[in-house]
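Below: the structure, in structure tokens.
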Amino acid sequence: MMLTDPSQKYRPFPQVDLPDRQWPSRVITAPPRWLSTDLRDGNQALIDPMNAEKKTRFFDLLLKVGVKEIEVGFPSAGATEFDFISGLVKNGRIPDDVFVQVLTQAREDLIATTFESLRGAKQAIVHVYNAVSPAWRNIVFQMERPQIKEIAINAAKLLRDNAAAQPNTDWHFEYSPETFSTAELDFSLECCEAVMDILMPTPEKPLILNLPATVEAATPNIYADQIEWMCRHISRRDSVVISLHPHNDRGTGVAAAELGLMAGADRVEGCLFGNGERTGNCDIVTVALNMYTQGINPALDFSDIDEVIQTVEYCNQLPVHPRHPYAGELVFTAFSGSHQDAIKKGFAAQEARNDLIWNVPYLPIDPKDLGRDYEAVIRVNSQSGKGGVAWVLQQDKGLKLPKRMQADFSKVVQALADESSRELNAADIWAAFEAHYCLGADQPYKLLDYSESGSAGDRIFVGKIGHDGGERSISGRGNGLISSVLAALRDELGVDLEVADYSEHAIGAGTNVNAAAYVECRTPDGRTVFGIGLDSDIATASVQAVLSAANGLARG
């Protein structure tokens with residue numbers, strides 16, 4: 001039961017004393033180094049951990065995306081992990097420009113096993129950690145600060161000595177004061193400095209210092225303060241790579257990573273789509289694409305986001321949420337009428353502007369950059385408006401309905417959506433369109449054949465019309481083709497219509513295109529009916545449009 005006064009049980013996280021913090025005025029201008037920990041941190045968070053086949057498939061995906069640092073596992077955890085990692089080395093699966101990374105606890109036997117798994121590797125990163133925060137010191141380990149620091153020192157010595165025993169590998173090291181985000185900053189710094197004193201990093205071969213939000217316990221601005229404080233106080237800043245490993249317990253893992261980069265960090269660790277323990281790790285897809293929308297090349301390629309999703313879902317056996325940023329099935333989809341109208345106008349303006357700069361309402365990124373098409377951007381249900389319906393017809397059939405016709409047909413679609421209580425697909429909408437504007441074969445008036453003659457301002461229409469199960473020959477005179485058709489309908493069939501608006505356009509491009517013609521007609525008693533004609537010949541399409549309106553009037 002939730003407490004009415006949660007302050008009896010929980011305490012606010014303390015602020016960092018950093019009155020002259022600089023990160024709020026900085027902007028991200030370049031991508032960080034990326035580390036995928038899908039095969040290690042992500043894997044250990046799965047209900048059913050990946051087998052070798054899935055880990056291999058995931059590893060290949062990461063290479064394709066362009067990740068250059070991959071934490072491939074925890075080799076001392078068991079034979080499956082060890083064999084997968086050693087197999088990557090022995091089978092030559094690691095490209096020359098890619099660093100594999102392995103994780104180990106700060107224990108002598110585990111570190112030895114870790115190095116053995118990488119025997120023969122061209123280059124590798126060994127990542128060692130020990131928890132340093134008060135809760136772990138007091139509850140888990142029951143140790144004081146000097147004992148915790150000694151664990152870090154001993155681990156650093158073991159890294160140094162094991163690396164020296166395999167000199168043919170280009171060894172790099174990472175140290176994590178685990179639970180950094182809930183530890184005292186001065187003690188985290190003390191442990192990092194002690195490790196640096198053993199490993200002696202240089203600008204040419206820096207030590208990676210991972211400063212994880214192992215459990216996200218504060219707002220991301222506090223994490224940024226912690227990162228900036230460490231960047232300022234570390235003694236050999238040019239000889240260390242500050243790496244971020246935000247978890248997502250408060251739902252702000254992405255924000256923590258971004259603010260941490262603004263605070264001076266160099267590297268981001270995370271998983272594709274944020275898989276990880278509890279609420280997950282930082283989602284590096286989102287962080288990368290956030291940068292992309294700000295004009296920064298993230299150095300990761302998500303041009304086929306659906307392939308990435310399919311592989312990750314297969315390997316993790318976890319779905320990517322339909323509303324997941326950039327990747328979800330519905331993130332580029334609008335159902336709301338006002339949203340649809342804005343998006344439709346945005347696409348039209350983008351096309352008319354012929355400008356590479358992307359500026360479409362509600363779409364912070366062009367879906368095509370991620371391999372998505374525009375067909376699913378607007379989808380229709382009972383919440384949709386005329387713009388959404390018009391968009392679907394334009395994308396599916398190439399029709400560009402006049403505005404008043406959009407409003408007329410949207411009422412039909414709205415009634416259908418209310419009746420069916422479901423989303424309407426393109427086939428549903430087209431079937432309703434054909435029925436409402438009498439485009440099917442069984443209609444009161446059907447054009448069988450026609451001819452026109454005369455001069456400009458004096459046109460004669462002669463047509464053969466299917467009507468009441470038979471054929472009727474009709475003719476009429478007017479100042480143009482459409483007016484002569486209207487005259488024939490009025491004088492020969494008693495259908496009295498007047499054209500209030502007419503428009504036409506080509507469907508498609510090139511030499512083999514069709515034409516669409518639209519008419520808005522009025523009757524003597526003030527009724528309005530719309531018609532549409534589709535044909536390879538624009539004149540025939542206009543005749544068909546008039547008959548479509550006549551059929552609509554006849555059917556009531």
Trace of the side-chain contact (heavy atoms from CB on, under 4.5 Å) decision for I125 with E69: CA-CA 9 Å; I125 303 169; E69 299 177 43; 3.8 Å; yes

side-chain contact (heavy atoms from CB on, under 4.5 Å), that's the test. Do Q294 and N290 meet it? Break it down for me. CA-CA 7 Å; Q294 303 303 301; N290 282 352; 6.0 Å; no

Note, [X] side chain near [Y] side chain (heavy atom, < 4.5 Å):
X	Y	answer
M291	I28	yes
Q15	I222	yes
Q105	V128	no
H245	N281	yes
Q147	I151	no
R267	I242	no
L103	Y129	yes
V287	W34	yes

Tell me which one of L209, N210, L199 satisfies side chain to side chain contact (heavy atoms under 4.5 Å, CB included) with Y175.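 Between Y175 and the candidates, side chain to side chain contact (heavy atoms under 4.5 Å, CB included) is satisfied uniquely by L209.
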
Can you spot which of I284, V320, D283 makes a side chain to side chain contact (heavy atoms under 4.5 Å, CB included) with L272?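 Passing option: I284.
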
A quick test of your reading: do over 12 heavy atoms of other residues, nucleotides or ligands sit less than 6.0 Å from [atom1] of [X]?
X	atom1	value
E351	CD	no
M143	CE	yes
L3	CG	yes
E313	CD	yes

Carboxylate-amine/guanidinium contact [X] [Y], below 4.0 Å:
X	Y	value
K64	E307	yes
D266	R237	yes
D161	K157	no
E329	R323	no
D186	R145	yes
D366	R372	no

May I ask you to decide if [Y]'s main-chain N or O and [X]'s side chain share a donor-acceptor pair within less than 3.5 Å?
X	Y	answer
D396	V392	no
T311	V308	no
K68	F99	no
D41	G276	no
S188	L185	no

Do [X] and [Y] have side-chain N/O donor and acceptor atoms under 3.5 Å apart?
X	Y	answer
H247	E277	no
T37	E269	no
Q22	E228	no
N130	W136	no

Against the six-membered ring of Y314, is R57 placed for a cation-pi contact (under 6.0 Å from the centre, within 45° of the normal)?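 Relative to the ring axis of Y314, which defines the angle, R57 lies inside both limits.
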
When you measure from the centre of the six-membered ring of F187, is the NZ or CZ of R137 closer than 6.0 Å and no more than 45° off the axis?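 Cation-pi check for R137 and F187: passes.
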
For the residue pair P75 and T113, what are the closest heavy atoms and their distance?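 Shortest heavy-atom contact: O-CG2, 4.1 Å.
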
What heavy-atom pair brings D428 and L416 nearest, and what distance separates the two atoms?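 Result for this residue pair: O-CD2, 4.3 Å.
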
Run the numbers on I70 and F59 for side-chain contact (heavy atoms from CB on, under 4.5 Å), then give the verdict. CA-CA 8 Å; I70 304 171; F59 181 77; 3.8 Å; yes

In sequence, state the C-alpha distance, the side-chain angles, and the governing distance for E81 and N43, and then conclude on side-chain contact (heavy atoms from CB on, under 4.5 Å). CA-CA 10 Å; E81 291 282 280; N43 188 47; 3.8 Å; yes

For D225 and W23: C-alpha separation, side-chain torsions, deciding distance, then whether side chain to side chain donor-acceptor pair (under 3.5 Å) applies. CA-CA 8 Å; D225 281 348; W23 65 261; 2.7 Å; yes

